[in-house]
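Indexing begins at 1, ligand by ligand and atom by atom, following the structure's order.
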Amino acid sequence: MKAAVLYGNDDIRYADWPDPELPAGKVKIAVKASGICGSDVPRVLYGGAHYYPIVLGHEFSGTVAEVGEGVTSLKVGDTVTAAPRVPCLKCRDCLAGNIAQCGNDSFIGSREQGSFAEYIAIPELNAVRYDPSVSFEHAVFFEPATVALRGILNCGFSGGGHTAIIGCGTIGLFAAQWARIFGARTVSVFDVDSERLGVAKALGVCHAFDSGREGFIEDATGATGGMGYDYVIDAVGNNATLVTALKLAAAKARVSLVGTPHDTVSFTKTEWELINRKEIWIRGCWQSYSAPFPGREWELTAECLADGRLRVEDSFIFRKYRLDEAKAAFDLFKNPSQVHGKVLLVNG
Ligand SMILES: [Zn+2]
Ligand SMILES: [Zn+2]
């Protein structure tokens, strides 16, 4: 088969690659579309791959082409995506349901062959079947949708509260939709990119604030009657957004940290004191799994995409490339500020 193979740093080429083997318990999937995740960019461009040569890619959709011995839950032709983490399901953390903390795990598309290929074989348990009414290009968005949902579920979200979503990247836009699905009183989004704020508005959020503008904290707080936000989801995770989260938070608010920092984060004494004074409850989250694996994040995403409560807009997709154009797709990220949304690699 053909694949986009990473041979070394910044050396991704369309090439022949061995067909995946199909041992018992695995399913072989004909890949239709893959997304380039933020985590793939350093793997390709900045020496971040575990080894070479490797085929990356973990956000994808396709159809079951063949099932290995003993596979019972899937059949040829099913439309599927994958939960990319492969936990051991035997260690203390796995047995306790802390799937994301498993230390004996593997990961599709970073430790083992990924989806930037014509075919991929994955364990039956990792395959997530979805309704064929969801397009292949939209189903690529499963993983970011589950990560956003994790950020909502993990902070004990319940309906009726003012909710702030910081960052209108893919995860932020899904978090805003989940907040509505779970009954938020209002949803306000924050970003410096007016185009992305427009996308959020089209999805039905109540308020969209330009966080590069002076006075936006006051305006946004005003939108809650001056009380602040009961839930704040930071889908970015840089110094400015973390400080914004603390400022937007109401007393006893729940702040959910979904985005992960790429740089040192520091707070002034006054900023830090906001946590004390407002008795803010801060919760981190990591990946998007719960027991039984892969968990309700994946089940709910499949259901809500199928019935239309969770929407993927075409505007979430920035650009599409064929698999043999993978190099051009990654070259885009050499200037990340020109990328506004998900870049897809499509097969056939
Ligand atoms: Zn990803
Ligand atoms: Zn484990």
Side-chain angles (χ1 to χ4, degrees), residues 4 6 25 29 31 33-46 48-50 54-62 80-117 120 122-123 125-128 130 136-151 167 169-175 235-237 258-262 285-295 297-298 301 305 312 316-318 326 329-330 332-333 336 339 341-345:
L6 183 66
I29 297 165
V31 178
S34 291
I36 294 179
C37 176
S39 66
D40 293 319
V41 175
R43 288 177 187 132
V44 172
L45 296 182
Y46 307 110
H50 286 296
I54 185 171
V55 174
L56 302 170
H58 63 270
E59 301 178 355
F60 66 96
S61 59
V80 286
T81 183
R85 193 177 179 116
V86 186
C88 76
L89 301 178
K90 292 187 191 110
C91 70
R92 272 181 85 91
D93 277 315
C94 281
L95 293 174
N98 303 328
I99 309 284
Q101 280 70 38
C102 173
N104 308 314
D105 64 313
S106 180
F107 204 89
I108 294 163
S110 86
R111 293 189 184 275
E112 48 188 85
Q113 191 215 297
S115 66
F116 299 158
I120 184 173
I122 63 170
L125 206 52
N126 289 78
V128 176
Y130 65 84
F136 292 120
E137 290 178 6
H138 288 181
V140 161
F141 288 87
F142 252 84
E143 201 217 13
T146 62
V147 168
L149 176 53
R150 179 76 182 170
T170 309
I171 290 174
L173 291 173
F174 281 123
V236 181
V258 181
T260 54
H262 295 286
C285 62
W286 192 244
Q287 301 183 341
S288 54
Y289 303 101
S290 53
F293 182 82
E297 291 84 356
W298 297 82
T301 297
L305 281 176
V312 178
F316 288 19
I317 300 169
F318 176 61
F330 276 98
L332 275 181
F333 291 93
V339 182
K342 187 63 81 184
V343 176
L344 299 189
L345 295 177

Can Asp40 and His58 be said to form a side chain to side chain contact (heavy atoms under 4.5 Å, CB included), step by step? CA-CA 9 Å; Asp40 293 319; His58 63 270; 3.8 Å; yes
Only one of Pro84, Ser39, Ser115, Cys37 passes side chain to side chain contact (heavy atoms under 4.5 Å, CB included) with Glu59, and that residue is Cys37
Looking only at N, O or S atoms, which one in Glu143 sits nearest to the Zn ion (ligand 1)? OE1
Quick check for you: with the Zn ion (ligand 1) as the vertex, what angle do NE2 of His58 and SG of Cys37 span, to 10°? 100°
SG (Cys91) - the Zn ion (ligand 2) - SG (Cys88) angle, nearest 10°: 110°
Rounded to 10 degrees, what angle sits at the Zn ion (ligand 2) between Cys94 SG and Cys102 SG? 100°
Do Glu297 and Ser290 have a side chain donor and acceptor closer than 3.5 Å? yes
Between Phe316 and Phe174, is the ring-ring contact (aromatic ring centres under 6.0 Å, His included) condition met? List the steps. CA-CA 10 Å; Phe316 288 19; Phe174 281 123; 5.5 Å; yes
Tell me whether Glu59 has at least one N, O or S atom under 2.8 Å from the Zn ion (ligand 1). yes
Are Ile317 and Phe141 side-chain neighbours, meaning at least one heavy-atom pair lies under 4.5 Å? yes
